[in-house]
Amino acid sequence: MDIRIGNGYDVHALAEGLPLWLGGVKIESPVGCIAHSDGDVAIHALCDALLGALAIGDIGKHFPDTSDEFAGIDSKILLSRVMELIRSMGWSVVNADITIAMQKPRLAPYILPMRECLATVMGVETDCVSVKATTTEKLGFVGRGEGCEVYAVALVRKG
Ligand code: MG
C-alpha cells in the first residue's frame with residue numbers, strides 16, 4: 001500500500017506566566033503549557049500523527065521527556081527530526097489537519113502563521129497543512145482553561 005494515515009492527540013496543562021507556543025508560533029497569552037519541552041502541544045499531536053501513519057511509535061518513544069537532551073527543546077526541532085525519519089523511510093507527507101481546542105486566548109489571528117510555520121518545517125506547501133481552533137463552549141478541562149487539547153491527522157505517501 002502506498003498511502004498511510006495516522007492520528008495524534010496531545011494534552012498539556014496550562015499555568016499562568018509560561019510562554020504559549022502552538023504550531024511553532026509564540027501566542028500572546030497569560031497562560032502557557034506546562035511541559036518538559038517548549039510545550040507546543042500542536043506540534044506534539046502532529047508528530048504523533050506522522051509517526052502513527054508509519055506505525056513507528058510515538059513522540060515519547062523518540063524523544064523521551066526524561067532526557068535532558070529534550071529539556072525546553074523547540075518542538076520545531078522534534079518535527080523536523082520526525083520529517084527526516086519519514087523521508088529516510090521513503091515516505092512524504094500529503095497533508096495534515098490539526099484541531100486545537102482551547103478556551104482562550106482567541107487563536108484566529110495565529111492560524112495562518114501556524115500553517116506557514118509548520119509547512120516550512122515540514123517542507124510542504126502551506127495548503128497541505130490545515131490548522132483549526134475551537135473552544136469547548138466552556139465545558140470540561142479545556143473549557144475551564146485548565147488545559148489545551150490537540151487532535152491531528154496526517155496522510156503520507158510512498159515516494
Ligand atoms: Mg506533549
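Every heavy atom of this structure was used, including side-chain atoms; hydrogens, water molecules and symmetry mates were not. Note that ligands are numbered from 1 as they come in the structure, with each ligand's atoms numbered from 1 the same way.
- Protein atoms of type N, O or S found under 2.8 Å from the Mg ion (ligand 1) total 3.
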| message | Let's go through Thr99 and Thr134 carefully: what are the C-alpha distance in whole Å and the side-chain angles of both, what is the deciding distance for side chain to side chain contact (heavy atoms under 4.5 Å, CB included) to 0.1 Å, and is it a yes or a no? | response | CA-CA 7 Å; Thr99 300; Thr134 185; 4.1 Å; yes
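- For Asp65 (side chain) and His36 (main-chain N/O), no donor-acceptor pair under 3.5 Å exists by modelled atom type.
- Taking 4.5 Å as the limit, every side-chain heavy atom of His44 sits out of range of all side-chain heavy atoms of Leu46.
- Using modelled atom types and a 3.5 Å distance limit, the side chains of Glu149 and Tyr9 yield a donor-acceptor pair.
- A search for salt bridge (charged side-chain N to carboxylate O under 4.0 Å, His left out) contacts involving Arg81 returns Glu69, not counting sequence neighbours.
- Residues Leu78 and Leu85 share a single hydrophobic cluster, defined by chaining ILVMFWY side chains whose heavy atoms lie under 4.5 Å apart.
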